[in-house]
Asks: 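First the structure, which I've put down as structure tokens, then a few questions once you've had a look.
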Amino acid sequence: MINNFALIIGAMKCGTTSLFNCLAQHPEIAGCKYKEPHFFSKAENFAKGFDYYQNLWDQQDLTPKIALEATPGYTKVTHQDPANAAANIAQVQQEYGVEFKFIYIMRDPLERIESHYLHNMLKGNEAKLTAVSQIDQSIIDTSKYAMQLDEYYQRFTADKILLLDFAQFTVNPDQSLRQICQFLQVDPSFQFQQVQKAHNSSQRLRLKFPLLNSLRHTQLVKSWRSAISEEQKYALKSIFGQRKQVSFKLPEHLKTEIAQELKPDLARLHESYDFQSSSWQIKL
């Protein structure tokens, strides 16, 4: 049985893919077969049981390595679809006596919202913005980092949770990776390769055929997608997706409105969890 897990729990559009790919190089860390297994955030996956979850790693040489996965959906507590991942993780820890550590990387909240909104636009879920009311509240809530972290700090001790700044990881990835290794108690002197390589930055994966964007939201397709494996989903993405250079920026008046909504949460992030980034646009 796997006894030690490291979960990159978000935030979405904050470099979790780059971070996962770097850490999975470490000889003491075993990367999940799929970067985002969504085990704790999707009821249908969680219902498959802990044995199913453990089999998402190659068992041959795992022990005594740390099992790593990265599912940003674990910090989307106000989204309608995901289950409360923190509660499910705590349940598994109690039932099986395994250890979990969490890595939460945060980005300038406004930049993260822009990237998240663009992500949804390319899936055909969002229209061009003219008012804050057009933004799905769950997109803004994902940038309420203190609110998302509450779910974990209520259930796990602070020494099991590492908070990172996306800007620092981008500017000095070696330092961030050493910090993570020390947190996970693995060799911090390991030399990671291609640490400067960016993932999901200005290149976005979008469907080659516009009709597929509408079909993917039908109940039939949703049911079919829930029935296939993560490996099959990755294969389909490579077949039907293509990389496009795209960008999106919030209008200044909308930035101001969103900033006012986010300020109380960011103040609590600093006061309760001792985290603040001087590079973020929203100043307290």
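Numbering of residues begins at 1 and proceeds along the displayed sequence. In this text the structure is predicted, and so the values were computed from the model without any measurement.
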Asks: Taking the six-membered ring for Trp, are His26 and Phe190 parallel (under 30°), tilted (30 to 60°) or perpendicular (over 60°)?
Replies: tilted
Asks: I'd like to know whether CG of Asp159 has more than 12 heavy-atom contacts from other residues, nucleotides or ligands below 6.0 angstrom.
Replies: yes
Asks: Would you say that more than 12 heavy atoms from the other residues, nucleotides or ligands in this model lie under 6.0 Å from the CD of Gln137, or not?
Replies: yes
Asks: Do you know the tightest heavy-atom contact between Ser277 and Asp165?
Replies: OG-OD2, 2.7 Å
Asks: According to salt bridge (charged side-chain N to carboxylate O under 4.0 Å, His left out), who are the partners of Glu252, at least two apart in sequence or on a separate chain?
Replies: Lys255
Asks: Can you name the closest pair of heavy atoms from Cys22 and Leu177 and give their distance?
Replies: CB-CD2, 4.0 Å
Asks: Applying ring-ring contact (aromatic ring centres under 6.0 Å, His included), can you list everything that pairs with Phe102, at least two apart in sequence or on another chain?
Replies: Tyr152, Phe156
Asks: Taking atom CD of Gln191 as the centre, does the number of heavy atoms from other residues, nucleotides or ligands within less than 6.0 Å exceed 12?
Replies: no
Asks: Quick test of your reading of the model: are Lys13 and Glu114 salt-bridged, counting only N-O distances below 4.0 Å?
Replies: no
Asks: Which word best sums up how the rings of Phe5 and Phe100 line up, parallel for under 30°, tilted for 30 to 60°, or perpendicular for over 60°?
Replies: parallel
Asks: Heavy atoms only: give me the nearest Ser18-Phe169 pair and the separation to one decimal.
Replies: CB-CE2, 4.1 Å
Asks: In terms of heavy-atom contacts, does CD of Gln94 have more than 12 from other residues, nucleotides or ligands at under 6.0 Å?
Replies: no
Asks: Please report the shortest heavy-atom distance between Pro37 and Cys32, naming the atom on each side.
Replies: CG-SG, 4.1 Å
Asks: I'd like to know if the side chain of Lys76 pairs up with that of Ser138 as donor and acceptor (distance under 3.5 Å, no hydrogens or angles considered).
Replies: no
Asks: Output yes when a side-chain donor or acceptor of Asn55 lies under 3.5 Å from a complementary backbone atom of Asp51, and no otherwise.
Replies: yes
Asks: Among Asn45, Thr71, Leu7, which residue meets the side-chain contact (heavy atoms from CB on, under 4.5 Å) test with Phe40?
Replies: Leu7
Asks: Would you say the side chains of Tyr53 and Glu69 form a donor-acceptor pair under 3.5 Å?
Replies: yes
Asks: So, for Ala11 and Thr75, which heavy atoms are closest and what is the spacing to 0.1 Å?
Replies: CA-OG1, 4.2 Å
Asks: Quick one: side-chain contact (heavy atoms from CB on, under 4.5 Å) partners of Phe166, sequence neighbours excluded?
Replies: Ile105, Arg107, Thr170
